[in-house]
Amino acid sequence: MPVSPLPREFYNRATLSVARALLGARLVRRLDGRRLSGFITEAEAYVGQDDLGCHAHSGRTARNAVMFGPPGHAYVYFTYGMHWMLNAVTEAEGFPAAVLIRAFQPDEGREVIAARREGRDTGGPAKLTQALGIERSLNGVDLCRRDGELWIEPGLEVADALVQTGPRIGLYSVPEPWKSIPWRFRVAGRLPV
DNA sequence: AGCACGATGCTCT
DNA sequence: GAGCATCGTGCTT
């Protein structure tokens, strides 16, 4: 009996709640017919046009359009000339918000993941997408379906005592309070695999 | 263990 | 034309 993906209602709520709840969830990628997965260990919330750290802050563009759509879809974008970033779209359709998935702890398909990473770690947003072969073609895919190439399932419960919060990473030229607001969530230590 | 820097190209002004 | 929700290397403590 296969596990069902997290339902759309999971994503259709406050982005901070989704970011916290995604810690420990199982990110699943079907790549070349193989199932790769791992547990999410770090995530950040990007919340609407008022959030000057959010790509949607200056309105809808071709790049950020998926964030304005229904929750539970993947927002995948390209940055720094070489890196892809994976987000899960949150909140009601029309309100642009998402959770950046920054790191995961590999579980299924660890040998494939290790080979793709050439033995290096998977703790970092571009490392994660490189490990799982996530790029432009997955922008906009529905994360609530199990018959696609990418989705998220329930995983491990992460106790509040293991959750660290802090400022989001890499927002060098974003003004306060958005630069320092503690919308980053991460698991302290290793999850039991 | 920490910091500085270059790589590299898409997106929006 | 500037700016990036980064990474890996190489050099300094």
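Letters go in sequence order (proteins before strands), and every chain restarts at 1.
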Exercise for review: Decide yes or no for A:Lys127 and A:Phe104: does some side-chain heavy atom of the first lie under 4.5 Å from some side-chain heavy atom of the second?
Suggested key: no
Practice item. Would you mind checking if A:Glu108 and A:Arg26 are paired as a salt bridge, meaning a charged N to carboxylate O distance below 4.0 Å? Key: yes
Practice item. Can you tell me which stems DNA chain C forms, taking runs of 3 or more consecutive Watson-Crick or G-U pairs with both distances under 3.5 Å? Key: B:1-7 with C:6-12, B:9-12 with C:1-4
Check your understanding: Within 45° of the ring axis of A:Phe10 and under 6.0 Å from its six-membered ring centre, is that where the NZ or CZ of A:Arg13 lies?
Key -> yes
**Study point:** Heavy-atom side-chain contact between A:Asn87 and A:Val76 under 4.5 Å
**Key:** no
N/O contacts under 3.5 Å, protein versus nucleotides 5-8 of chain C?
unit_1	atom_1	unit_2	atom_2	d
C:dA5	OP1	A:His55	NE2	2.6
C:dA5	N9	A:Tyr77	OH	3.1
C:dA5	N7	A:His55	NE2	2.9
C:dA5	N1	A:Asn87	OD1	2.6
C:dA5	N3	A:Tyr77	OH	3.2
C:dT6	OP1	A:Arg102	NH1	3.4
C:dT6	O2	A:His83	NE2	2.7
C:dC7	OP1	A:Pro125	N	3.2
C:dC7	OP1	A:Ala126	N	3.2
C:dC7	OP1	A:Lys127	N	3.4
C:dC7	O4'	A:His83	NE2	3.3
C:dG8	OP1	A:Arg117	NH1	3.0
C:dG8	OP1	A:Arg117	NH2	2.8
C:dG8	OP1	A:Arg120	NE	3.3

Review point. Does a side-chain N-to-carboxylate-O contact under 4.0 Å join A:Asp51 and A:Arg168?
Key: yes
With a cut-off of 3.5 Å and sequence neighbours excluded, list every side-chain donor-acceptor pair involving residues 158-165 of chain A.
unit_1	atom_1	unit_2	atom_2	d
A:Asp160	OD1	A:Arg20	NE	3.4
A:Asp160	OD1	A:Arg20	NH2	2.8
A:Gln164	OE1	A:Arg186	NE	3.1

Review point. If only side-chain N and O atoms of A:Arg136 are considered, is one of them under 4.0 Å from the OP1 or OP2 phosphate oxygen of B:dT11?
Key: yes
Practice item. Using distance alone, with no hydrogens and no angle criterion, decide if A:Trp178 and A:Glu176 have a side-chain donor and acceptor under 3.5 Å apart. Key: no
Review point. Taking the six-membered ring for Trp, is the centroid-to-centroid distance between A:Phe78 and A:His83 below 6.0 Å?
Key: no
**Study point:** Length of the line joining A:Trp84:CH2 and C:dC4:P, which is rounded to integer Å
**Key:** 19 Å
